[in-house]
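Residue numbering restarts at 1 for every chain, and letters A, B, ... go by the order of the sequence lines.
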Amino acid sequence: MKRYSPKDIEPKWQKKWAETNLYAAEDYSAKLKYVMLTEFPYPSGAGMHIGHMREYSLGDIVARYKRMQGYNVLFPMGFDAFGLPTENYAIKNKITPQKATEDNVTNFVAQLQSMGFSFDWSRRFNTSDPDYYRWTQWLFLRFVKAGLAYQAEIAVNWCPFCKTGLANEEVVNGRHERCDTPVEKKLLKQWMLRITDYADRLIDGLDTVDYPSRIADQQINWIGRSKGAEIDFAIENSDTRIKVFTTRPDTIFGATALVLAPEHPLVIQLTSLQQKEHVNAYIKSAAAKSDVERQDTDRDKTGVFSGSYAINPASGEKIPVYVADYVLTGYGTGAIMSVPAHDERDYAFAVKYGLNIVPVIRPKKAVKTASEPVFTAEGVMFNSGKYDGLASSDMREQIVKDLAEQGVAQEKINYRLRDWIFSRQHYWGEPIPIIHCPKHGAVQVPEDALPVELPKVAHYEPTHTGESPLAAIEDWVNTTCPKCGGPAKRETDTMPNWAGSSWYYLRYFDPHNAKAFADRKLLDYWGAVDMYLGGMEHTTLHLLYSRFWHEFFYDEGLVPTPEPYAARRGQGIILAADGTKMSKSKGNIVNPNDVIDNGYGADALRLAITFLAPYDQTTPWSPEALGGTFRFLQRLWTLVNEYVESDGGESESDDLKRVVNRTIRKVDQDLLDYGFNTAIATLMECVNQLYRIKAKDNFSSIEWQWAIESTLKLVAPFAPHICEELWEVIGNDGSIHLESWPAYDPAWTIDQDVVIAVQINGKIRGEVKVQRGADQKTVLAAAEREHSVKNYLAKKEITRVIYVPDKLLSLVIN
RNA sequence: GCCGGAAUGGCGGAACUGGUAUACGCGCACGACUCAAAAUCGUGUUCCUUUUUGGAUUGAGGGUUCGAUUCCCUCUUCCGGCACCA
């Protein structure tokens, strides 16, 4: 018998699968389609570590399982090639980003192939291919045409290290999520996408798809829909009105001040002569603060009196107008009514500046203990004129209605979500297909002139000026206006790296189409992605962005489904063995190729990654796990080879049928539930059991052939190389991966005899073996004969008997 | 502060709608094979006490129940997300 040597068999089958294009998906098959999508990787210089391989291993298991179940499976792979890391890598290595991408992709493909994943490589593309980004540009122009892409001069989050503007989603705690540099504000004219128009759809659409609640909740949280009202406050001795947003109109009688963000456009106008100096100084100091400082919630509230007064439209009271930077510009109206008695922040501010604190809501039930200074819950209104004695929750809308009749209020929904800043001041991205004409303004590049290709140049380093390096490439920038033919300049900003990934799954359906981003008939055939597996860290970035694009495309009639992904799952992160994140700087990255080259092979690695923990759980890597999965494969290898070499008689074991039928049932169920780790445990148990049975039984030609073949089929999605090899060893032609998934006979998954646990006063005191389906009387009689039980029953009276058929007998005695 | 998730042997983890807690794997111990080691195979392995018997045990405390890892209440710790969003 040959030894199990992955080094010999794995490359052999990888080559054969590639040559026969074994895993190619068919367009328009009579079979049911199944699109298994795993997030495509960013081809960095560092290569992939085993964390990446978790995602693809899981996707591959499902893809192979579905294929064996008779689905026409599309399991594609491509590369999300545009973006900063490649640009930085290229600058560092003094090569072009094009070359860097090519090198990195070659490396990535080799890594993926050495794992034996069943991707349909014929559909592969890079988002940086002009044939691909042509359609990214084309789709962007659809946003422009629909008025969902617009230019605005705004204070963007600027990363001084990466030298580019960033989207809201890319800033975490005031820092750039990729490089951890604190972001600055920079006033730039930017292209924006109106994702806020889709805020409600992005929330409501979640009801129609199968996402884990933590993913859905996170998106809902991020969008941050809150219902409230906008209320106008008149300024004393002036026609000016200040609009505030509040979710608690019911507390309006307690509003004892108006507070404006320092950036509010009316601040200057409202500032009195005496206060001018103070207010100007305050605005200046607020502007000097970084986002990190301003977002620190522990910070003392600061502010300054403007010198003006407003009139509370409900109470008619005169209240002071303050300027304070705890009020944010860019959310709501940038102004609030301050209700110190019922809001923690307003309370802290009021205490510091000596503002009136007027309670207007009290708890429904009188509380004996001293009430807290701030009462933020619902309650009963008082100090509130005609609303006194009514429930605050009931009156919330009524007050708005009443104020609306006076023309000073309206209902309003606000979102935390901001529009998506879509311009980046870098070379390595899709050029924004716009030409700026002195006469016609921003003109769209005509469809037949797409793609607007990136010029191939030697120098593309980012600038400090906020301008893209493309601006310096004169013969590219200077062009003619598509409308009038006069001299014009190209837009020099590029798209963010989230652009290409916002629609890539659609391109897999028709990757080589030169006439459209994808043929409509193919889009109709493949439909929504059936399962999308990816990282939790993309929930409020890529996943949200691509849902937005897709929902827009649906409205434009470009795609057949309102949502892109019918189901989504997020795999957990694999940490280093010490429980910290794998990172290049710590040098604790585990490279899958090292594991493979060490002799364990891809199959053992795939099993180890999957067996480690539930797929969605963050878990530390354990190198020892490889030993276990390798031994399992070795045992499988030996078992099958011994079977081939033996010439037994008839099988005399019923256990054989039982074990295999039960294994099929359990693995089936586990794969349905994504219980990959328990599926592998079941397979290990199965092989162990087969060894035990074999020791007492003959290897017969029929029962054992069925048992061995079924077992191999069950293991095949998890460890594809060894099963393919053993499939050949036992004398089969063709690939095991195109075989049909084994079915089980339910009759053979149950035992004739069952062991029944006997509890006495809640404690297990013994067990009895009876026939399946035995009645209570029989079991009780058997239990009473059982000597371990007998002692407890002596001289006692059984007061109650609970019998769970085939499982347990519970006796209560006194 | 708000939203979500988790806590089970020395370790990773298992346990269906409340029904024999610790499956599977790692590690460890002992044994077989070997001159020896590795590899492989076999046996054992929650803890305490013990010859057996017995007792305790799923982060802590309480509750419901014949019976709770599972349901309810209170609390602790950890992880992820959001956060001066009015």
Q: Under 6.0 Å from the ring centre and within 45 degrees of the ring axis: does the NZ or CZ of K301(A) meet both conditions for the six-membered ring of F349(A)?
A: no
Q: Suppose the criterion is salt bridge (Lys or Arg N to Asp or Glu O under 4.0 Å): which pairs have a residue in residues 798-809 of chain A, not counting sequence neighbours?
A: R772(A)-D806(A)
Q: When the distance from CG of L808(A) to C1' of C66(B) is rounded to whole Å, what number comes out?
A: 9 Å
Q: Starting at atom CG of N677(A), determine the distance to atom C1' of A14(B), rounded to an integer number of angstrom.
A: 8 Å
Q: Is R568(A) salt-bridged to E39(A), cutoff N-O under 4.0 Å?
A: yes
Q: Look at the side chain of T247(A) and decide which nucleotide, out of U40(B), A86(B), A56(B), has an atom nearest to it.
A: A86(B)
Q: Among G4(B), C16(B), C82(B), which is the nearest nucleotide to the side chain of D217(A)?
A: G4(B)
Q: Pick base, sugar-phosphate or nothing for Q669(A), based on heavy-atom distances below 4.0 Å to the nucleic acid.
A: nothing
Q: With a non-hydrogen cut-off below 4.0 angstrom, is P620(A) in contact with a base, only sugar-phosphate, or nothing?
A: nothing
Q: Identify whether the distance between the nearest side-chain nitrogen and carboxylate oxygen of K666(A) and E685(A) falls below 4.0 Å.
A: no
Q: Decide, yes or no, whether a salt bridge links R214(A) with D217(A) under the criterion of side-chain N to carboxylate O below 4.0 Å.
A: no
Q: With syn defined as a glycosidic torsion within 90 degrees of 0 and anti otherwise, which applies to G9(B)?
A: syn
Q: Remember a base hit wins even if backbone is also touched, and classify E767(A) as base, sugar-phosphate or nothing at under 4.0 Å, heavy atoms.
A: base
Q: If we take the C1' atom in both U45(B) and C66(B), what is their distance in whole Å?
A: 33 Å
Q: When the distance from CD1 of I764(A) to P of G19(B) is rounded to whole Å, what number comes out?
A: 12 Å
Q: Using every non-hydrogen atom in the two residues, find where M337(A) and R248(A) come nearest and quote the distance to one decimal.
A: CE-O, 3.6 Å
Q: Which part of the nucleic acid does N414(A) contact within heavy-atom distance under 4.0 Å: base, sugar-phosphate only, or nothing?
A: nothing
Q: Taking only residues two or more places apart in sequence or in another chain, which ones pass salt bridge (charged side-chain N to carboxylate O under 4.0 Å, His left out) with E263(A)?
A: R294(A)
Q: Please report, rounded to the nearest Å, how far the P atom of C24(B) is from the CZ atom of R631(A).
A: 15 Å
Q: So what does K301(A) hit on the nucleic acid, given a heavy-atom distance under 4.0 Å: a base, only sugar-phosphate, or nothing?
A: base
Q: In whole angstrom, give me the gap between the P atoms of C2(B) and A68(B).
A: 33 Å
Q: Rounded to the nearest angstrom, tell me the gap between atom CD1 in I220(A) and atom P in A83(B).
A: 16 Å
Q: Just call it for S226(A): base, sugar-phosphate, or nothing, with non-hydrogen atoms closer than 4.0 Å on any strand.
A: sugar-phosphate
Q: Compare side-chain N and O positions of T619(A) against OP1 and OP2 of G13(B) and report whether any pair is under 4.0 Å apart.
A: yes
Q: With a 4.0 Å cut-off on heavy atoms, is L612(A) in touch with a base, just the backbone sugar-phosphate, or nothing at all?
A: sugar-phosphate
Q: Look at all strands and tell whether R765(A) reaches a base, only sugar-phosphate, or nothing, counting heavy atoms closer than 4.0 Å.
A: sugar-phosphate
Q: Applying a 4.0 Å non-hydrogen cut-off, can you work out what V327(A) is touching in the nucleic acid: base, sugar-phosphate, or nothing?
A: base
Q: Using the C1' atom on both, measure C84(B) against G80(B) and round to a whole Å.
A: 22 Å
Q: Y326(A) side chain: which of C84(B), U65(B), A23(B) is closest?
A: C84(B)
Q: Inspect the contact between R3(A) and D8(A) and indicate whether a charged nitrogen and a carboxylate oxygen are less than 4.0 angstrom apart.
A: no
Q: For D346(A), which contact category applies under a 4.0 Å heavy-atom criterion: base, sugar-phosphate, or nothing?
A: nothing
Q: Between G10(B) and G1(B), how many Å separate the two P atoms, rounded to a whole number?
A: 34 Å
Q: Can you tell me, in whole Å, how much space there is between the C1' of C47(B) and that of U22(B)?
A: 12 Å
Q: Identify whether the distance between the nearest side-chain nitrogen and carboxylate oxygen of E397(A) and K227(A) falls below 4.0 Å.
A: no
Q: Looking only at atom C1', what distance separates C24(B) and G9(B), rounded to whole Å?
A: 14 Å
Q: By the 4.0 Å heavy-atom rule, please label I336(A) as base, sugar-phosphate, or nothing.
A: base
Q: Check every strand shown and say whether V758(A) touches a base, only sugar-phosphate, or nothing at a heavy-atom separation below 4.0 Å.
A: nothing
Q: Let's test your reading of the pairing rules: Watson-Crick or G-U wobble, both distances under 3.5 Å, then write RNA chain B as a dot-bracket string with ( ), [ ], | and dots.
A: (((((((..(((......[....)))((((((.......))))))(((.....)))..(((((..]....))))))))))))....
Q: By nearest nucleotide on RNA chain B, pick out whichever of D300(A) and Q634(A) is the more 5' one.
A: Q634(A)
Q: With rounding to whole Å, what would you report as the distance between C78(B) and U8(B) at their P atoms?
A: 14 Å
Q: For the rings on F632(A) and F630(A), is their centre-to-centre separation under 6.0 Å?
A: no
Q: Whole angstroms only, please: what is the CZ-P distance between R214(A) and A6(B)?
A: 10 Å
Q: If we take the P atom in both U69(B) and G18(B), what is their distance in whole Å?
A: 13 Å
Q: Among U40(B), C84(B), A23(B), which nucleotide has an atom closest to any side-chain atom of L328(A)?
A: C84(B)
Q: Over all strands shown, is V804(A) touching base, sugar-phosphate only, or nothing at heavy-atom distances under 4.0 angstrom?
A: base
Q: With a non-hydrogen cut-off below 4.0 angstrom, is R299(A) in contact with a base, only sugar-phosphate, or nothing?
A: base
Q: Does Q759(A) get its side chain close enough to the base of G19(B), under 3.5 Å, for a donor-acceptor pair?
A: yes
Q: Between I756(A) and K666(A), who's closer to the 5' end of RNA chain B by nearest nucleotide?
A: K666(A)
